Amino acid sequence: MAGRSPTLSAMDALHLILYILHMLAMLAIVVGPAVPGRGHLVQVWGARLQLLIGLGLTGLAEAGDDPVNHAKIGTKLVIMIAVLACAEIGNAKAKRGEAAATQLAWAAAGLAVVNAAIAFLW
């Protein structure tokens, strides 16, 4: 059957969709501090979604046949909780008009980049 294009399984399609959403959430975390006005809100929702989507991706990986590196997943989870904590606290401080909100937002963005580096380099 020459000429047939390969098709994605339902699991592969779901993985691809979740991965794209995961990367868009990462974008919200990283650019959130640069968005004027509502940047903290953009960042905090990006962090919340990235954590949930990451858990979904981990569940898909566990359901598959390939082995899962639990040390890597655990490390990334701990860093993601730190990202979420910085984003949540920064958002709360921004609502109160405190200056420390900006530093926390950039810390969350930096930790998210470290988490992405771990994903690709480990």
Side-chain angles (χ1 to χ4, degrees):
M1 301 226 174
R4 276 190 71 171
S5 62
T7 58
L8 286 176
S9 70
M11 288 286 276
D12 289 338
L14 180 60
H15 181 268
L16 183 61
I17 290 167
L18 287 178
Y19 182 76
I20 290 169
L21 292 173
H22 195 62
M23 291 299 106
L24 289 173
M26 165 77 172
L27 179 66
I29 296 169
V30 173
V31 302
V35 175
R38 307 293 282 179
H40 292 284
L41 195 57
V42 169
Q43 187 180 53
V44 78
W45 276 103
R48 291 169 182 168
L49 289 172
Q50 191 174 45
L51 175 62
L52 292 175
I53 296 166
L55 291 173
L57 285 167
T58 302
L60 280 178
E62 289 285 352
D65 295 331
D66 295 332
V68 177
N69 186 340
H70 292 102
K72 175 182 172 181
I73 297 297
T75 302
K76 287 180 56 54
L77 179 60
V78 168
I79 294 171
M80 188 61 221
I81 291 171
V83 169
L84 184 57
C86 287
E88 292 281 358
I89 295 167
N91 186 43
K93 286 184 179 286
K95 286 180 182 177
R96 291 191 301 264
E98 296 180 27
T102 303
Q103 290 87 0
L104 285 166
W106 286 111
L111 285 169
V113 170
V114 167
N115 222 7
I118 289 172
F120 290 107
L121 298 175
W122 188 329

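Source: prediction; values computed, not measured.
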Rounded to the nearest 0.5 Å, what separation is found between the CZ atom of Arg48 and the CD1 atom of Ile29? 11.5 Å
List the atom of Ala108, the atom of Ala87, and the distance in Å for their closest heavy-atom pair. CB-N, 4.0 Å
Provide the closest heavy-atom pair for Ala112 versus Val30 in the form atom of the first, atom of the second, distance. CB-CG2, 4.5 Å
Mind listing the closest non-hydrogen atom pair of Ala94 and Ala101 along with its distance? N-CB, 3.5 Å
Shared hydrophobic cluster for Leu49 and Tyr19 (ILVMFWY, side-chain gaps under 4.5 Å): no
Hey, quick one: are Leu14 and Leu57 part of the same hydrophobic cluster, counting side-chain heavy atoms closer than 4.5 Å, chains of contacts allowed? yes
Any chain of hydrophobic side-chain contacts (each under 4.5 Å) joining Ile17 to Met11? yes
Could you grab the distance from atom NZ of Lys72 to atom CG of Leu121, nearest 0.5 Å is fine? 9.0 Å
Are any side-chain N or O atoms of Asn115 and backbone N or O atoms of Lys76, one a donor and one an acceptor, separated by less than 3.5 Å? yes
Is it the case that one hydrophobic cluster holds both Val31 and Trp106, taking links as side-chain heavy atoms less than 4.5 Å apart, direct or via other members? no
Sidechain-backbone polar pair: Gln43 side chain, Ala105 backbone, donor-acceptor under 3.5 Å: yes
Residue pair His70 / Val68, side-chain heavy-atom distance below 4.5 Å: yes
Ile118 and Val83: same hydrophobic cluster, using ILVMFWY side-chain contacts below 4.5 Å? yes
His40 and Glu88: side-chain donor and acceptor closer than 3.5 Å? no
As a test of understanding, state which of Thr75, Ile81, Leu77 forms a side-chain contact (heavy atoms from CB on, under 4.5 Å) with Ile79. Thr75
For a quick test of reading the model, state the closest non-hydrogen atom pair linking Ala47 to Met80 and the distance between them. O-CE, 3.3 Å
How long is the span from the CD atom in Gln103 to the CD1 atom in Ile89, to the nearest 0.5 Å? 13.5 Å
For the OG atom of Ser9 and the CG atom of Leu16, what is their distance to the nearest 0.5 Å? 10.5 Å
Approximate separation, where rounding is to 0.5 Å, of Ile73 CD1 and Leu55 CG: 9.5 Å
Could you state the interatomic distance from CG (Leu21) to CE (Met26), rounded to the nearest 0.5 Å? 15.0 Å
